[in-house]
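Order of listing sets the numbers, starting from 1, for every ligand and every atom in it.
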Amino acid sequence: MKLIVGNQKTTLNRDAVLKFIDEVNLNGVNDVVICPSYPYIEIYNSKSKFVVGAQNVSEKGNGATTGEVSAEQLNSFNVKYCIVGHSERRKDQKENGEMLYNKIVNLLEFNIKPIFCVGEVLEEKENGVTKDVIGKQILEVFDKLDVNKLNDIIIAYEPVWAIGTGLTPTNDEIEDTTHYIKDLVNDKYNVNISVLYGGSVSKKNVDELNQIDIVDGYLIGGASTKADEFNYIMESNV
Ligand code: PEP
């Protein structure tokens, strides 16, 4: 069974979150992760069976960091996973390798699993440098981390051009890139890392994507905000 992680971004207001929780059906599947905006974490904890994740964490610990949320605070709300380095934040908040390393260290200290996003933009895909880009994104962070902690990290391969566009790589391309990521981490650190695919996963393509055995799960944006889409993805995964 694949790990399903929903990234709801800032899509839903409070009423829409409650409606989604009412309509969603996890089909008895345990360990389905939802990453809502911070204000809704408690709602998901109290009203749903989702495992709760976060979309971001502070680079720093508790203290004088107005507007941030620390790993310790997330942990105190029973948050088990946290997305790190989503392409929207790499672009808009200029998150770089050092910042992502700091976030991961903080999360691991509080037993929250980082879901570390990597992926190429369209121009990089067209120039045939997808693996170079992804390899650099992984190594600039992993090289500095304690090798014994790498097992607790999940990598999400998210081609930037596939996010929110309805476009996806072919199954062969996803399989090839996932192999590359797993082999890179295995060869360099002797760790078997889990890899999720993310980018326009929906009820239209999930049955086909499910055929890629090497992919350990999905990071799902838009389709994780619509109960009918999410229910279908769950059912196809049972
Ligand atoms: C994402 O933003 O992580 C994502 C995968 O979005 P979408 O599923 O909407 O492409």
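Within 4.0 Å of ligand 1, heavy atoms belong to protein residues Asn7, Lys9, His86, Glu158, Ala162, Ile163, Gly164, Gly198, Gly199, Ser200, Leu219, Ile220, Gly221, Gly222.
Listed by first and then second residue, the side chain to side chain donor-acceptor pair (under 3.5 Å) pairs that reach into residues 192-202 are Asn186-Asn192, sequence neighbours excluded.
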N/O donor-acceptor pairs under 3.5 Å from side chains in residues 129-136, not counting sequence neighbours:
residue: Lys131; atom: NZ; partner: Asp176; partner atom: OD1; Å: 3.4
residue: Lys131; atom: NZ; partner: Asp176; partner atom: OD2; Å: 2.9

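No donor-acceptor pair under 3.5 Å is formed between the side chain of Glu158 and the backbone N or O of Val118.
Partners of Lys188 according to the salt bridge (charged side-chain N to carboxylate O under 4.0 Å, His left out) rule, which considers only residues two or more places apart in sequence or in another chain, are Asp143.
Heavy atoms of other residues, nucleotides or ligands lying less than 6.0 angstrom from CD of Glu208 number 12 at most.
Remark: Glu120 does not engage Lys125 in a salt bridge, criterion side-chain N to carboxylate O under 4.0 Å.
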